S.K.: 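Input: one structure, supplied below.
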2 protein chains.
Amino acid sequence: MPRKITLKQIAKELDVSVSTVSKSLKDSPEISLDTKEKVKAFAKLYNYKPNNIALSLKNRKTKTIGIIIPEIVHHFFTTVIQGIEHVANEKGYNVIICLSNNSFDKEVLNLEFLANGSTDGFIMSIAKETQQKEDYHHIKEVINQGMPVVMFDRVIDEVICDKVVISDKHGAFEAVQYLIDHHCKKIAIISTVDYVSVGKLRTEGYKDALITNDMEIDQDLILKIEDVDHSEEKIEEFLKNKNVDGIFAVNEQFAVNAIKVLKKLHKKVPEDVSVIGFTDGVVSKSFIPSLSTVNQHGEEMGAKAANLLIDRLENEAEEQSFQTTVLDTSLIIRDSVKK
Amino acid sequence: MPRKITLKQIAKELDVSVSTVSKSLKDSPEISLDTKEKVKAFAKLYNYKPNNIALSLKNRKTKTIGIIIPEIVHHFFTTVIQGIEHVANEKGYNVIICLSNNSFDKEVLNLEFLANGSTDGFIMSIAKETQQKEDYHHIKEVINQGMPVVMFDRVIDEVICDKVVISDKHGAFEAVQYLIDHHCKKIAIISTVDYVSVGKLRTEGYKDALITNDMEIDQDLILKIEDVDHSEEKIEEFLKNKNVDGIFAVNEQFAVNAIKVLKKLHKKVPEDVSVIGFTDGVVSKSFIPSLSTVNQHGEEMGAKAANLLIDRLENEAEEQSFQTTVLDTSLIIRDSVKK
DNA sequence: TTGTAAGCGTTATCAG
DNA sequence: CTGATAACGCTTACAA
């Protein structure tokens, strides 16, 4: 029933001015103890809380962070959000989340909308379509308007801002190196198409590992998948008659599907083929055999991104130069590889 | 470089009044075509976009929806968010997401904060701790202040507002009925502790199914797990020497762990034991054997909740009475049960 | 056709 | 010690 009470109403009730009320509630020394008590008591009684919107308008800052990500039904992104949310909250910020659904247009819309006063800055990972189009004007624009942006995971070199990534290449390298160290001679990679930056980087890591170990790079052992939905068929076709003894998959789904296909082909994991995936999700742990993966440390990534952004927001004066933070991956060895 | 431009600045540049600018941009007939053109051109040139915060203050509505959920690294909740986000966006709303991390205090804080002007209404699922404490004053309070609230999944009878739930009981019933129909004689349930409402309801559905089929309810076949982290051990202990031929688990994790334990105990799924879980997540599909589940239709749930909320927001006049929408579950039969 | 002014809820400055 | 006023950015009666 009692709509939110405002300073004005309190003032009227108590027959003082609005500014007196405001000052009293902030315990200003200007105001007599008497009135302060009175005001505070009244305010408490009516459960007064300042209106955030009014504050935002006045202070020209909203204390909220915009997160724009391609999708939310995705374990990695939720861990990142978790990380962001955690530090944001600790520092008195809220987060408002928008999904681009990997659509360029929606990314642009979201960004533009949130940039008009709704948030103080952004943490974002680029939509697939945007990477494909290579059109980043919307991001550059908000940056130009003075809003700090932190990019994570899928980042863009030509956009100048703080970035947080994992060492995709190095993570892939380590995974493949592990396979090599454990006597795999014929190692395949199941990757995404090249315009997805992480797919590209992980493929490079794979190649580097082979080269470093004087092994040949065989294009026939490199599969690039465009459409996740039909990956299992693609993988089956790919693995048939190949006789690989190691597989590095650039995500969890591909790894799981690879193992399924291997079972169909009557190959044993890890006895005949060792498999390592990328991204440590719920499936990896639960799967039988449990999946070895390159852990992306999403939560850490989110936390770092949030810290970077908030630092910028709160020290706008100091024009620090932009930094790219590279977080280490770590190899989680489970039952899908020889040990 | 160019900080966001405001009406005032445009007005000054063009040497007209602020209201003229405002009206021009809204294509008001009051203004001469000439000035309108001029203003619009200038505005476009400088990429003018109205400030949302100012609009919110003026209109006393923010066009944003607050979502408060217990956790985000959880497939079901992300699908709900997806559903909410989709319809919210379609109708011109943004969503701001806060996590309670299942903590009562954080839930209170979030709610209070967002209620102070940041959002127009809430969609929420209660924290576990809140259910335990049975303290819902914070929710009642925002409702009293005139903010619409829609609860989903974990809902509270004594809080009067719109609700969206699935027929937990009926979903459980169907699952158990399926097991019975496929010749299971000794069916166990792996559930959560009773204060989690869904756990309780699903257990009731289980019991109902047994009763309906003239089967005995054996307390020894009912496991209630408090702590998800050690569920596998609990389940192992529970299943040892029990010789069940059917298991109904109230979530995906329990189902997966049950199957793992069964493997350890050298029981075959589904030949020796049929297993059905609740919630259809990524793991269910990927798992071997793929998991039969009761599908919760999270996205639908989110969409429904968002529609309910937005309806209320936009038809505040009509004091419709509150409704509880019960969505149907559906049984997804995969390889973990006999067919 | 254009401009003035009030108001959304706050706070800060300055005057009384 | 208290209050009036302006300002944040915008919209909208109402005046001119």
Side-chain angles (χ1 to χ4, degrees), chain A residues 2-40 42-43 46-64 113-120 145-146, chain B residues 2-40 42-43 46-64 113-120 145-146:
Chain A
R3 274 257 165 207
K4 292 250 76 168
I5 196 167
T6 68
L7 287 189
K8 207 175 175 181
Q9 291 166 41
I10 300 185
K12 192 153 102 190
E13 291 297 321
L14 260 39
D15 212 37
V16 291
S17 78
V18 173
S19 46
T20 303
V21 177
S22 172
K23 285 172 189 164
S24 297
L25 292 175
K26 321 209 83 142
D27 217 11
S28 153
E30 288 181 31
I31 307 291
S32 77
L33 244 129
D34 228 39
T35 14
K36 278 200 278 194
E37 302 265 285
K38 201 174 57 180
V39 173
K40 282 186 195 165
F42 192 91
Y46 283 87
N47 192 26
Y48 169 78
K49 295 272 163 50
N51 179 307
N52 299 320
I53 295 291
L55 287 181
S56 295
L57 185 57
K58 178 118 249 286
N59 303 330
R60 279 113 140 309
K61 59 174 69 171
T62 60
K63 286 284 206 168
T64 105
F113 183 79
L114 293 187
N116 293 314
S118 301
T119 62
D120 295 342
Q145 285 169 10
Chain B
R3 275 257 165 205
K4 293 248 75 166
I5 196 167
T6 68
L7 285 190
K8 208 176 176 179
Q9 291 166 40
I10 300 186
K12 192 154 102 192
E13 291 296 320
L14 260 39
D15 211 38
V16 291
S17 79
V18 174
S19 55
T20 304
V21 178
S22 173
K23 287 171 188 163
S24 298
L25 293 175
K26 324 207 82 145
D27 217 9
S28 154
E30 290 181 28
I31 307 293
S32 75
L33 245 130
D34 228 41
T35 14
K36 279 201 275 194
E37 302 265 284
K38 200 172 58 179
V39 172
K40 283 187 196 164
F42 193 90
Y46 283 88
N47 193 26
Y48 170 80
K49 295 272 161 51
N51 179 307
N52 298 321
I53 295 291
L55 287 181
S56 296
L57 186 58
K58 178 115 250 284
N59 302 332
R60 279 113 138 313
K61 59 173 70 170
T62 60
K63 286 285 208 167
T64 104
F113 183 79
L114 292 188
N116 293 313
S118 302
T119 63
D120 295 342
Q145 285 168 10

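Because the structure is a prediction, the values reported are computed rather than measured. Residue numbers begin at 1 in each chain, while the letters A, B, ... track the order of the sequences.
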S.K.: Any side-chain heavy atom of B:N47 within less than 4.5 Å of one from A:Q145?
M.R.: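 SC-SC contact between B:N47 and A:Q145 confirmed.
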S.K.: Please examine the side chains of B:Y46 and B:I10, heavy atoms only from C-beta on, and report whether any two atoms are closer than 4.5 Å.
M.R.: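 In short, these two side chains do not touch, never coming nearer than 4.5 Å.
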S.K.: Please lay out, stage by stage, how A:D34 and A:K38 fare under the test side-chain contact (heavy atoms from CB on, under 4.5 Å).
M.R.: CA-CA 6 Å; A:D34 228 39; A:K38 201 174 57 180; over 6 Å; no
S.K.: Can you pull out how bent the helix from C:dT1-D:dA16 to C:dG16-D:dC1 is, comparing the axes over its first five and last five pairs, to 10°?
M.R.: 70°
S.K.: Nearest whole angstrom, please: distance from the C1' of D:dA7 to the CG of B:N51.
M.R.: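 In whole Å, D:dA7 C1' and B:N51 CG are 14 Å from each other.
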S.K.: Show your reasoning for whether side-chain hydrogen bond (donor to acceptor under 3.5 Å, both in side chains) applies to B:S22 and B:S19.
M.R.: CA-CA 5 Å; B:S22 173; B:S19 55; over 6 Å; no
S.K.: Run the side-chain contact (heavy atoms from CB on, under 4.5 Å) test on B:S24 and B:V21 for me, step by step, so that the C-alpha distance in whole Å, both residues' side-chain angles and the decisive distance to 0.1 Å come before the verdict.
M.R.: CA-CA 5 Å; B:S24 298; B:V21 178; 5.6 Å; no
S.K.: So which one's nearest nucleotide on DNA chain C is more toward 5', B:T35 or B:N59?
M.R.: B:T35
S.K.: May I ask you to decide if B:G146's main-chain N or O and A:K4's side chain share a donor-acceptor pair within less than 3.5 Å?
M.R.: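 Such a contact is absent between A:K4 side chain and B:G146 backbone.
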S.K.: Atom NZ of B:K58 and atom P of D:dT12: how far apart are they, to the nearest Å?
M.R.: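 So the NZ-P distance, B:K58 to D:dT12, works out to 6 Å.
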S.K.: Salt-bridge test for B:D120 and B:K63: reply yes if a basic N is under 4.0 Å from a carboxylate O, no otherwise.
M.R.: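 So B:D120 does not pair with B:K63 through a salt bridge.
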S.K.: Using atom CG of B:L25 as one end and atom P of D:dC10 as the other, report the distance to the nearest whole Å.
M.R.: 10 Å
S.K.: Taking the side chain as everything from C-beta on, heavy atoms only, tell me whether A:N116 gets closer than 4.5 Å to B:N51.
M.R.: no
S.K.: Using a 4.0 Å heavy-atom cut-off, does B:K8 contact any base of the nucleic acid, only the sugar-phosphate backbone, or nothing at all?
M.R.: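 Contact class for B:K8: sugar-phosphate only.
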S.K.: Between B:I31 and A:K26, which residue's closest nucleotide on DNA chain C lies nearer the 5′ terminus?
M.R.: B:I31
S.K.: With sugar-phosphate meaning primed atoms plus P, OP1 and OP2, does A:L7 contact a base, only sugar-phosphate, or nothing at under 4.0 Å between heavy atoms?
M.R.: base
S.K.: In whole angstrom, what separates B:I5's CD1 from D:dC8's P?
M.R.: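 After rounding, the gap between these two atoms is 14 Å.
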S.K.: B:E30 has an atom CD; how far is it from atom P of D:dT12, in whole Å?
M.R.: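 So the two atoms are 11 Å apart, to the nearest Å.
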S.K.: Could you tell me the separation between the CD atom of A:E37 and the P atom of D:dT2, rounded to a whole number of Å?
M.R.: 13 Å
S.K.: Contact list please: residues 11-22 of chain B against DNA chain C, heavy atoms, distance less than 4.0 Å, in numerical order.
M.R.: B:V16, B:S17, B:S19, B:T20
S.K.: Checking B:T35 against B:S32: is there a side-chain donor and acceptor pair closer than 3.5 Å?
M.R.: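 B:S32 vs B:T35: donor-acceptor pair found between side chains.
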S.K.: Is any side-chain heavy atom of A:D27 less than 4.5 Å from a side-chain heavy atom of A:K40?
M.R.: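 Of all side-chain heavy-atom pairs linking A:K40 with A:D27, at least one is under 4.5 Å.
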S.K.: Where does the chain A footprint on DNA chain C start and end, counting 5' to 3' with a 4.0 Å heavy-atom cut-off?
M.R.: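 In short, chain A contacts DNA chain C from C:dC8 to C:dC14.
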S.K.: Here's a test for you: under side chain to side chain contact (heavy atoms under 4.5 Å, CB included), which of B:T119, B:N52, B:L114 qualifies with B:T64?
M.R.: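 When side chain to side chain contact (heavy atoms under 4.5 Å, CB included) is applied between B:T64 and each of B:T119, B:N52, B:L114, only B:T119 qualifies.
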S.K.: Side chain of A:L57 only, heavy atoms from C-beta on: which candidate in D:dC10, D:dG3, D:dC8 is closest?
M.R.: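 It is D:dC8.
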S.K.: With a non-hydrogen cut-off below 4.0 angstrom, is A:K49 in contact with a base, only sugar-phosphate, or nothing?
M.R.: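 A:K49: backbone/sugar contact only, no base atoms under 4.0 Å.
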S.K.: Could you check how far NZ of B:K23 sits from C1' of D:dT11, rounded to whole Å?
M.R.: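 B:K23 atom NZ is separated from D:dT11 atom C1' by 9 Å.
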S.K.: Kindly indicate whether the side chain of B:I53, heavy atoms from C-beta on, has any atom under 4.5 Å from the side chain of B:L57.
M.R.: no
S.K.: Rounded to the Å, how far apart are A:R60 CZ and D:dC10 P?
M.R.: 11 Å
